[in-house]
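Report on the structure given below.
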Number of protein chains: 2
Amino acid sequence: MMAPMARAATTSDVFNAIAEPQRREILLLLRAGERPVTELAQELGMTQPGASKHLRVLREVGLVRDRKAGKQRLYGLDARGLRPVHEWTGGFERFWNESFDRLDAYVQDIKQARQEGRN
Amino acid sequence: MMAPMARAATTSDVFNAIAEPQRREILLLLRAGERPVTELAQELGMTQPGASKHLRVLREVGLVRDRKAGKQRLYGLDARGLRPVHEWTGGFERFWNESFDRLDAYVQDIKQARQEGRN
DNA sequence: CCATCATATGCCGATATCGGCATGCGTCAA
DNA sequence: TTGACGCATGCCGATATCGGCATATGATGG
């Protein structure tokens, strides 16, 4: 009687919000300062509704804020939500900094074994 | 005549791969060392097929590697793919470290305005 | 060879996602 | 007031996603 769940809502999680390439590009652009929707859409080659929808997601996870400026609505970056992601990935830093000579060799072995196995 | 696209394939992008909470938990667990599938499933409270599927995604984006160990198959962490994510978010570091006094005040204003507007 | 354990895969249902399009809504200027 | 502009929203279609379940595949040991 329980309905199966699908994917976690993109709107509830920063990790999901930045999983979208276009949303990442929006964030990159906003580092240069506030922008109205239309300008973002134009610079990123997407439609205005498309931009608005992505901005809505980013707003709901708190990565952007919006401000009315006359007829326009300016979107600005609020990068604080990216900090947890940075820290989470940072928790793996020692695993890519440590001596991976053995790992590298291992990976090579795997690739070779696969090639041999498939031919 | 072109079929519309939906979401980018989760299998092609590390950002998408780590958008899934359970997959993130798998990666965290694997920091402690290699593990067979069943053990992972058990420790994370998911079914074996569920674990296998998530591991498949992680493998396809290169975040884990697998190694046959007799009857079992051991999965191990390969965190190098997380480095780009760490660096990407790091590109926003100055935006959460810089003086955000004005931003904080601004955000407070927004919240207050919303509350007043809605009550 | 056969049974068994470990894992992968296939199918299903429910839902989320994304792009495109049309349209609603609010704001400004004449 | 009436357009015109800027933006948000709603609907649609195609597809991806995730969990659950059954089952296939694979290796091991007797």
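Given the structure is predicted, the values throughout are model-derived calculations rather than measurements. Here is the naming used below: chain letters follow the sequence lines, and residue numbers restart at 1 for every chain.
For R73(B) and dA8(C), the CZ to C1' distance is 9 Å, given to the nearest whole Å. Per the geometry, CD belonging to Q72(B) stands 5 Å off P belonging to dT7(C), to the nearest Å. A straight line from CG of D13(A) to P of dT17(D) spans 16 Å, rounded to a whole angstrom. Between the CG atom of D66(B) and the C1' atom of dT7(C) there is a distance of 11 Å, rounded to whole Å. As a whole-Å value, the separation of L55(B) CG from dG19(D) P is 12 Å. Remark: P of dT15(C) and CG of N16(A) are 18 Å apart, rounded to the nearest angstrom. Distance L58(B) CG to dC18(D) C1': 14 Å, rounded to the nearest Å. Here dT7(C) presents its P atom at 13 Å from CD1 of I26(B), a figure rounded to the nearest Å.
For T38(B), the side-chain atoms get nearest to dA6(C) when compared with the rest of dA6(C), dC18(D), dG20(C). Here the nucleotide nearest the side chain of T47(B), chosen from dC21(C), dC18(D), dG20(D), is dG20(D). Nearest nucleotide to the side chain of K53(A), out of dC18(C), dT9(D), dA8(D): dT9(D). Ranking dG6(D), dG19(C), dA8(D) by closeness to the Q22(A) side chain, first place goes to dG19(C). Of the candidates dA8(C), dC7(D), dG20(D), dC7(D) carries the atom nearest the V37(A) side chain, counting heavy atoms from C-beta on.
For the pair R56(A) and dT9(D), the criterion of a side-chain N or O lying under 4.0 Å from OP1 or OP2 is met. Between Y75(A) and the phosphate of dG6(D), there is no side-chain N or O to OP1/OP2 separation shorter than 4.0 Å. For the pair H54(A) and dT17(C), the criterion of a side-chain N or O lying under 4.0 Å from OP1 or OP2 is not met. Taking side-chain N and O atoms only, R23(B) has a distance below 4.0 Å to OP1 or OP2 of dC18(D).
Ion pairing between a basic and an acidic side chain is recognised when a charged N comes within 4.0 Å of a carboxylate O; R24(B) and D13(A) show such pairing. A salt bridge does not link R59(A) with D78(A): every distance from a Lys NZ or Arg NE/NH1/NH2 to an Asp or Glu carboxylate oxygen is 4.0 Å or more. For R35(A) and E43(A), the salt-bridge test passes: some basic side-chain N is under 4.0 Å from an acidic carboxylate O. Salt bridge status for R65(A) with E34(A): present, with a side-chain N to carboxylate O gap under 4.0 Å.
Within the nucleic acid shown, S52(A) comes within 4.0 Å of at least one base atom, counting heavy atoms only. Note on Q48(A): a base of the nucleic acid sits closer than 4.0 angstrom, heavy atoms only. Nucleic acid contact for P36(B): sugar-phosphate only, since backbone atoms but no base atoms lie under 4.0 Å from a heavy atom of the residue.
Side-chain atoms of E20(B) come within 3.5 Å of backbone atoms of Q22(B) as a donor-acceptor pair (strictly under, hydrogens ignored). The main-chain N or O of H86(A) is found under 3.5 Å from a side-chain atom of H86(B) such that the two form a donor-acceptor pair.
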Reading nucleotides 24-30 of chain D 5' to 3', which nucleotides get B (base under 4.0 Å from a protein heavy atom), which S (sugar-phosphate only), which -? ---SS--
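The aromatic rings of F15(B) and W88(B) lie perpendicular to each other, with more than 60° between the two planes, well past the 30° mark.
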Would you check, one step at a time, whether the test side chain to side chain contact (heavy atoms under 4.5 Å, CB included) holds for I26(A) with L55(A)? CA-CA 8 Å; I26(A) 289 178; L55(A) 285 166; 3.8 Å; yes
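Heavy-atom nearest nucleotides on DNA chain C were determined for P49(B) and for P49(A), and the one closer to the 5' end corresponds to P49(B).
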